[in-house]
J.: 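Below you will find the structure I want to go over with you.
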Protein chains: 2
Amino acid sequence: MPERKPRADAVRNRESVLAAADRLFATCASPEDVTMADIAAAAGVGKGTLFRGFEDRTGLIRALYESRLEPVRHAIAEGPRPLGPGAPPAERIPALLDAVLCFKLDHRHLSVALEGTGSDSPYRAAHYDWWHGTLRDVLEQLPGFTDGDFTAHALLAAVRADLVDHLADRRHVSRERLRADLAAFTARVLGGS
Amino acid sequence: MPERKPRADAVRNRESVLAAADRLFATCASPEDVTMADIAAAAGVGKGTLFRGFEDRTGLIRALYESRLEPVRHAIAEGPRPLGPGAPPAERIPALLDAVLCFKLDHRHLSVALEGTGSDSPYRAAHYDWWHGTLRDVLEQLPGFTDGDFTAHALLAAVRADLVDHLADRRHVSRERLRADLAAFTARVLGGS
DNA sequence: CTCTTAAGCGGACCGCTGGTCCGTATCGTA
DNA sequence: TACGATACGGACCAGCGGTCCGCTTAAGAG
């Protein structure tokens, strides 16, 4: 195995870049206001270091996003009820969607940056396939569900970063109100009552 | 009123630009592949003419989009059943969503170009407010509907251009399959049966 | 501690984009 | 035909993501 352990300064710089990027995206109104040069300067490294470590702009944002998402992913893949795999579908589906919503609320800047990253449709990203596959599988455990595929897409669309961001920031809908609305919508999709 | 009638060549050029842009967006894989210079060249005008006539890139795409959307808008605002204002909500809502879906399928390139136009969130566009307001009003005519606002957002999210494009092009879902899936989803949201 | 080597660094540089500017050509009118 | 207003067009500009390569520095061997 040609696994080489990376140099210490490289590791340090990587952390430094991720931290700086997170800070900048959180601060600035629009992700487009944050340039690669800005991030490099804020992290105290050269621009070349950014591109060597993360391939390109999308790669950097994705790395940052995935690092923040990891706990949620873990909780879903092997955590306790109601999020983990042990929960019954009717309980787990609303929990999944609520988790996505909360994550996007808490990491609005990152999510908007990732989903709006130029022409890279969010649907081509690996993490979307994971979300969609997970949700679809749980949906299809419900009796009588034949089109879990489309339903999963539609439900995930309801929590897209720019919509969440618009409702929370522009229209000043509170976090609890949003969660309640989404829960109600989910309940209706899952079959009334 | 200081209404001035525009010069004949200006009108001709405007048409020429819209036609060229439509052609180019339809041809190229990604909207980003179509530059302003490309459009100007294809229309046989200078770049300055583009920006004088349409303000900026977003303005051009929006003008093109609106011009194609106008018939649909008309059919909804004052057309016959089931799309027009005379139809009962339970019949009109699925018809509205089907109309949006078909429009986005038929004008995929334009819709994707408009919704993905850099940082300009689709939710800040005037036409979105119109769609949302229309759908919400009809939803709230249904008895017992209290959160028509969020539901309208969520339903419209299910027919976002990039999702439709992804399902139709990348995943090769047929037009009729998509329409059926959306109809089923809509029915579930509207209360089972 | 020193020497050696290759991994890592950084910022000048590049190509390309959206957008501006203004001298020139054209339209519409009297 | 003459003349003012309007529109044209392409050279031009600033700023972006991304590349490149001479220099620096970490880290294992002796």
Side-chain angles (χ1 to χ4, degrees), chain A residues 1-21 24-25 28-65 112-120, chain B residues 1-21 24-25 28-65 112-120:
Chain A
M1 64 194 297
E3 272 304 295
R4 270 298 217 313
K5 114 170 139 182
R7 260 167 59 165
D9 55 347
V11 175
R12 220 180 322 128
N13 278 332
R14 192 182 169 88
E15 288 310 307
S16 178
V17 166
L18 285 175
L24 285 179
F25 279 122
C28 297
S30 162
E32 314 239 322
D33 296 347
V34 180
T35 72
M36 294 301 268
D38 289 341
I39 298 174
V45 304
K47 239 175 32 155
T49 303
L50 256 60
F51 288 94
R52 195 168 332 92
F54 300 97
E55 187 82 1
D56 57 11
R57 182 174 226 264
T58 302
L60 198 169
I61 298 174
R62 187 171 307 165
L64 189 49
Y65 183 88
V112 171
L114 183 61
E115 290 186 19
T117 189
S119 69
D120 276 15
Chain B
M1 61 195 296
E3 273 304 293
R4 272 297 220 312
K5 112 167 138 181
R7 261 168 56 165
D9 54 347
V11 176
R12 217 180 326 127
N13 278 333
R14 191 182 169 87
E15 289 311 307
S16 178
V17 166
L18 285 176
L24 285 180
F25 279 122
C28 296
S30 161
E32 314 238 321
D33 296 345
V34 181
T35 73
M36 294 301 268
D38 290 339
I39 298 174
V45 304
K47 241 176 27 155
T49 303
L50 257 60
F51 288 94
R52 197 171 327 94
F54 300 95
E55 187 83 2
D56 58 11
R57 183 173 224 265
T58 303
L60 198 167
I61 297 174
R62 188 172 305 167
L64 188 50
Y65 183 87
V112 172
L114 183 61
E115 291 186 19
T117 187
S119 70
D120 277 16

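Note on naming: letters A, B, ... go to the chains in the order of the sequence lines (proteins, then strands), and numbering restarts at 1 for each one.
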J.: Do the side-chain N or O atoms of B:T49 get closer than 4.0 angstrom to the phosphate oxygens (OP1, OP2) of D:dG9?
T.: yes
J.: Using a cut-off of less than 4.0 Å, is there contact between a side-chain N or O of A:R7 and OP1 or OP2 of D:dT25?
T.: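 So the side-chain polar atoms of A:R7 never come under 4.0 Å of the phosphate oxygens OP1 or OP2 of D:dT25.
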J.: Identify the heavy atoms of A:D56 and A:M36 that sit nearest to each other, and give their distance.
T.: C-CE, 4.2 Å
J.: Round to a whole Å and report the spacing from CG of B:L60 to C1' of C:dG18.
T.: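 Atom-to-atom, B:L60 to C:dG18, this comes out as 12 Å.
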J.: Side chain of A:A8: nearest nucleotide among D:dC8, D:dA27, D:dG17?
T.: D:dA27
J.: For A:F25 and A:P31, work out which heavy atoms get closest and say how close.
T.: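 Nearest heavy atoms, A:F25 then A:P31: CE2-O, 3.8 Å.
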J.: Rounded to whole Å, how long is the line connecting atom CD of A:E32 with atom C1' of D:dG15?
T.: 13 Å
J.: In whole Å, I'd like the distance from the CZ atom of A:F54 to the P atom of D:dG18.
T.: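 Roughly 14 Å, once rounded to whole Å.
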J.: To the nearest Å, give me how far apart CD (A:E55) and C1' (D:dT19) are.
T.: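 About 12 Å, once rounded to whole Å.
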J.: Whether B:R52 contacts D:dA7 is assessed here as follows: a side-chain N or O lying under 4.0 Å from the phosphate OP1 or OP2. Is that the case?
T.: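 No, outside the criterion.
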J.: Once rounded to the nearest 0.5 Å, what's the spacing between atom CG of B:L60 and atom CZ of B:R62?
T.: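 Output value for this atom pair is 11.0 Å.
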J.: Out of A:V17, A:I39, A:D9, which residue meets the side-chain contact (heavy atoms from CB on, under 4.5 Å) rule with A:V45?
T.: A:V17
J.: Of all the nucleotides listed (C:dG18, C:dG8, D:dG18), which has the minimum atom distance to the side chain of A:D56?
T.: D:dG18
J.: Please tell me which of B:K47 and B:D9 maps to the more 5' nucleotide of DNA chain C, matching each residue to the nucleotide holding its nearest heavy atom.
T.: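 Result of the comparison: B:K47.
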J.: Verify whether one side chain among A:N13 and A:S16 offers a donor that lies under 3.5 Å from an acceptor in the other.
T.: no
J.: Heavy atoms within less than 4.0 Å of DNA chain C: which residues of residues 35-45 of chain A have one? Give them sorted by number.
T.: A:V45
J.: Ignoring hydrogens and angles, tell me if any N or O in the side chain of B:R14 forms a donor-acceptor pair with the backbone of B:G53 under 3.5 Å.
T.: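 Answer holds: yes.
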J.: Compare side-chain N and O positions of A:N13 against OP1 and OP2 of C:dG8 and report whether any pair is under 4.0 Å apart.
T.: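 Result: no.
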J.: Grab the CZ-C1' distance between A:R12 and C:dA7 for me, whole Å please.
T.: 14 Å
J.: To the nearest angstrom, how far is B:F51 atom CZ from D:dA11 atom C1'?
T.: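 Distance, rounded to whole Å: 14 Å.
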J.: Quickly work out the A:D33 CG to D:dG15 C1' distance and round it to whole Å.
T.: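 Going from CG in A:D33 over to C1' in D:dG15 covers 13 Å.
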J.: First locate atom CG of A:L114, then atom OG1 of A:T58, and finally report the distance between them rounded to the nearest 0.5 Å.
T.: 8.0 Å
